[in-house]
Amino acid sequence: QVQLVESGGGLVQAGGSLRLSCAASGRTFSSYTMGWFRQAPGKEREFVGAIRWSGGSTYYADSVKGRFTISRDNAKNTVYLQMNSLKPEDTAVYYCAAQYGGTGSRILNVDEYDYWGQGTQVTVSS
């Protein structure tokens, strides 16, 4: 049974940092792309970034480029989202997701992901 479990969310002041973790289990993820998405109240779920488990290539939404960094720890089967210089508009529930393969624009598409975590709340106060 595949499980993705996010942790690390919380309340932080604007300009602060948080690191989210996504612990993956239940299968081998070497052929997967791991994505991070977020959903603010009343808004659609949006792409934040992604990392290919094999090779480690990363991709980011323009809104977070230069502030957020995605990395992985193969030994721990865990993906991280380091968030710096946080802004109030970063407030959302953050989700990690897994997509088999992950090619081109598919990694941007919520509907193309096979597995999802339960989400973790990030709140940035002004």
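If you read the sequence from its start, that first residue is 1, and numbering goes on from there.
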Problem - Worked verdict on Q82 versus S17 for side-chain contact (heavy atoms from CB on, under 4.5 Å) - result: CA-CA 7 Å; Q82 177 67 45; S17 298; 3.9 Å; yes
Exercise for the section: Would you name the heavy atoms of S126 and A14 that are closest together and state the gap between them? Expected result: CA-CB, 4.4 Å
Practice task
Could you tell me which residues satisfy side-chain hydrogen bond (donor to acceptor under 3.5 Å, both in side chains) with Q39, sequence neighbours excluded, listed by chain and number?
Solution key: R45
Practice task
Go through the side-chain N and O atoms of T78 and D73 and say whether any donor and acceptor fall under 3.5 Å apart.
Solution key: no
Practice task
Working to the nearest 0.5 Å, report the span between OG of S63 and CD of E89.
Solution key: 9.0 Å
Fill in the blank from the handout: Distance col, row Q121:CD vs T91:OG1, nearest 0.5 angstrom, shows 7.0 Å
Completion exercise
Sorted by chain and residue number, the ring-ring contact (aromatic ring centres under 6.0 Å, His included) partners of Y94 (sequence neighbours excluded) come out as none
Handout entry: Check: D90 and R38 side chains under 4.5 Å, non-hydrogen atoms
Key = yes
Practice task
Report yes if some heavy atom in the side chain of N109 is under 4.5 Å from a heavy atom in the side chain of R106; otherwise report no.
Solution key: no
Problem - Pairing residues for E6 by the salt bridge (Lys or Arg N to Asp or Glu O under 4.0 Å) criterion, not counting sequence neighbours - result: none
Handout entry: R27 and Y32: side chain donor to acceptor below 3.5 Å
Key = yes
Completion exercise
Besides F47, the hydrophobic cluster formed by Ile, Leu, Val, Met, Phe, Trp and Tyr side chains linked at under 4.5 Å, directly or via other members, contains F37, Y59, V93, Y95, I107, L108, V110, Y113, W116
Handout entry: Value rounded to 0.5 Å, distance of OG1 in T120 from CG in L20
Key = 6.0 Å
Completion exercise
CD of Q99 to CG of D111, rounded to nearest 0.5 Å, is 10.5 Å
Handout entry: Those residues that, when tested against K65, pass salt bridge (Lys or Arg N to Asp or Glu O under 4.0 Å) (two or more places apart)
Key = D62
Exercise for the section: Kindly indicate whether the side chain of W36, heavy atoms from C-beta on, has any atom under 4.5 Å from the side chain of I70. Expected result: yes
Exercise for the section: Examine Y80 and V122 and state if one hydrophobic cluster contains both, with Ile, Leu, Val, Met, Phe, Trp and Tyr joined whenever side-chain heavy atoms are less than 4.5 Å apart. Expected result: no
Exercise for the section: Report yes or no: do Y100 and W53 belong to one cluster of Ile/Leu/Val/Met/Phe/Trp/Tyr joined by side chain heavy-atom distances under 4.5 Å? Expected result: yes
Problem - R67 CZ to S85 OG distance, which is reported to the nearest 0.5 Å - result: 7.0 Å
Practice task
Report yes or no: does T33 contribute a side-chain atom to a donor-acceptor pair with the main-chain N or O of G101 at less than 3.5 Å?
Solution key: yes
Practice task
Output every pair passing disulfide (SG to SG under 2.5 Å) with a member in residues 12-116, not counting sequence neighbours, ordered by first then second residue.
Solution key: C22-C96
Practice task
Please name the pair of heavy atoms, one in V48 and one in V64, separated by the smallest distance, quoted to 0.1 Å.
Solution key: O-CG2, 3.4 Å
Problem - Polar side-chain atom of N77 near backbone of S25 as donor-acceptor pair, under 3.5 Å - result: no
Completion exercise
Taken to the nearest 0.5 Å, the spacing of I51 CD1 from R72 CZ works out to 5.0 Å
Problem - Path from V5 to V79 over hydrophobic side-chain contacts below 4.5 Å - result: no
